[in-house]
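Beneath this line is the structure, given in structure tokens, with notes to follow.
Below, each value reflects all heavy atoms present in this structure, side chains not excepted, and no hydrogens, waters or symmetry copies.
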There are 2 protein chains.
Amino acid sequence: MESLKLENQICFPLYTASRIMVQAYTPLLKTLGVTYPQYLVLLVLWEEEETTVGQITKRLQLETSTITPLLKRMEQMEIIQRKRSDLDERKVMVTLTQKGVDMKQKACMIPEALMESTNFSIEELGTLHALLTKFIQQEA
Amino acid sequence: MESLKLENQICFPLYTASRIMVQAYTPLLKTLGVTYPQYLVLLVLWEEEETTVGQITKRLQLETSTITPLLKRMEQMEIIQRKRSDLDERKVMVTLTQKGVDMKQKACMIPEALMESTNFSIEELGTLHALLTKFIQQEA
DNA sequence: TATTTTTGTATCGCAAACGATATAATACAA
DNA sequence: TTGTATTATATCGTTTGCGATACAAAAATA
């Protein structure tokens, strides 16, 4: 049963690396007052200004049942605004508040800070990124 | 702000790939009646027969606050048994029930079935495994 | 031996994550 | 136009995941 050994599986390192990565982000994101998934929503909004719930779910490949409550928490914190579209009342428009816009400045140092905390070369990071992206595109 | 773009981050593909992987496992594990983290506990127990809560948390790098409730659910399902150690009453011994032992047979096909569903070569899988393992060892 | 520290689990509260289901608004078809 | 299908979000219930805290047993120290 070699195949059932924890060390031989690709799934376990993937699962663990993902959790460890979130744990590494957590103290830095705490200074912004957001969680890791909330940070992902911010990354989308810093790129797109105005978007919809559906666009966010597509971009992050998460379900509405995950995103809706998360956005509500971010609205409570006054980081974003949610508003039904006038043109299509099924859609909910999502925009940053000024507070949300301002957070981008502080966030700039986060990616580099974390890059440096790993001893990965540019090549290794590129390889890892390519393999993970390939995996995602195959399965999704 | 190139560094803040979703596509340029290593964290997002890692996070997404991990979730997609769990989603790929889910239908197969459903035939066993377990979730992905419960499957990880089974992998440990299929290797070790008798272990403790602490050993499981170390092996899976998860907190007691995650493992204890999870083990209680597995005990309810009669997959495992939990019992305070006589030698050291702080420890809780965890063992498989016959039902838990028997599940190993069915589980054998799972790793291969999922390997094949990806179009990854042995080299790619090896590279991915090595990079993820390196990352985990650095950060943990 | 008495006290302090460490170890091993457990509990609590909160935020994901997701399948299943519900429900309006819009699009499409008869 | 009326009925039907699709789309966009939301809600609910269950399981994770984790930080903070609690607590008893064992180990270390005074």
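- In this structure, A/Leu62 reaches the sugar-phosphate backbone alone: every heavy-atom distance under 4.0 Å involves primed, P, OP1 or OP2 atoms, never a base.
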**Message:** Base contacts versus sugar-phosphate-only contacts with protein, heavy atoms under 4.0 Å: please encode nucleotides 2-9 of chain D as B, S and - from 5' to 3'.
**Reply:** -----BSB

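- For B/Thr26 against C/dG19, a side-chain-to-base donor-acceptor contact under 3.5 Å is absent.
- For the pair A/Gln76 CD and C/dA15 P, the interatomic distance rounds to 10 Å; values are reported in whole Å.
- Shown here is B/Glu124, whose CD atom has more than 12 heavy atoms of other residues, nucleotides or ligands within 6.0 Å.
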**Request:** Under the salt bridge (Lys or Arg N to Asp or Glu O under 4.0 Å) rule, what do B/Arg82 and B/Glu75 come out as? Steps first, then yes or no, please.
**Result:** CA-CA 7 Å; B/Arg82 299 187 317 134; B/Glu75 191 180 32; 3.1 Å; yes

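- Atom-to-atom, CD1 of B/Ile20 to C1' of C/dC18 comes out at 13 Å; the value is rounded to the nearest Å.
- If you run side chain to side chain contact (heavy atoms under 4.5 Å, CB included) between B/Lys91 and each of B/Leu87, B/Asp88, B/Val94, only B/Asp88 comes through.
- Note: CE (A/Met77) to C1' (C/dC14) measures 12 Å, nearest angstrom.
- Toward the 5′ end of DNA chain D lies the nearest nucleotide of A/Ser65, the other residue of the pair A/Ser65 and B/Thr66 mapping further downstream.
- Taking atom CZ of B/Arg19 as the reference point, atom C1' of D/dT16 lies 14 Å away to the nearest angstrom.
- The aromatic rings of A/Tyr39 and A/Tyr25 lie tilted to each other, with the angle between the two planes from 30° to 60°.
- Distance, B/Glu63 CD to D/dT15 C1': 17 Å, rounded to whole Å.
- The interatomic distance linking B/Tyr15 (OH) with D/dT16 (P) rounds to 17 Å, in whole Å.
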**Message:** Could you go through B/Glu50 and B/Met93, starting from their C-alpha distance and side-chain angles, then the distance that decides it, and tell me whether this counts as side chain to side chain contact (heavy atoms under 4.5 Å, CB included)?
**Reply:** CA-CA 7 Å; B/Glu50 176 163 73; B/Met93 308 307 295; 3.6 Å; yes

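- Residue B/Glu49 places its CD atom among 12 or fewer non-hydrogen atoms of other residues, nucleotides or ligands, all under 6.0 Å distant.
- The distance between atom CG of A/Leu40 and atom C1' of C/dA15, rounded to the nearest whole Å, is 14 Å.
- Under the side chain to side chain contact (heavy atoms under 4.5 Å, CB included) rule, A/Leu96 has a single partner from A/Asp102, A/Thr51, A/Leu42, which is A/Leu42.
- The nearest whole Å value for the distance from the CG atom in A/Asp86 to the C1' atom in C/dA25 is 14 Å.
- Side-chain N/O atoms of B/Gln38 include none lying less than 4.0 angstrom from OP1 or OP2 on D/dT15.
- When heavy atoms are screened at a 4.0 angstrom cut-off, B/Leu87 is found touching the sugar-phosphate backbone but no base atom.
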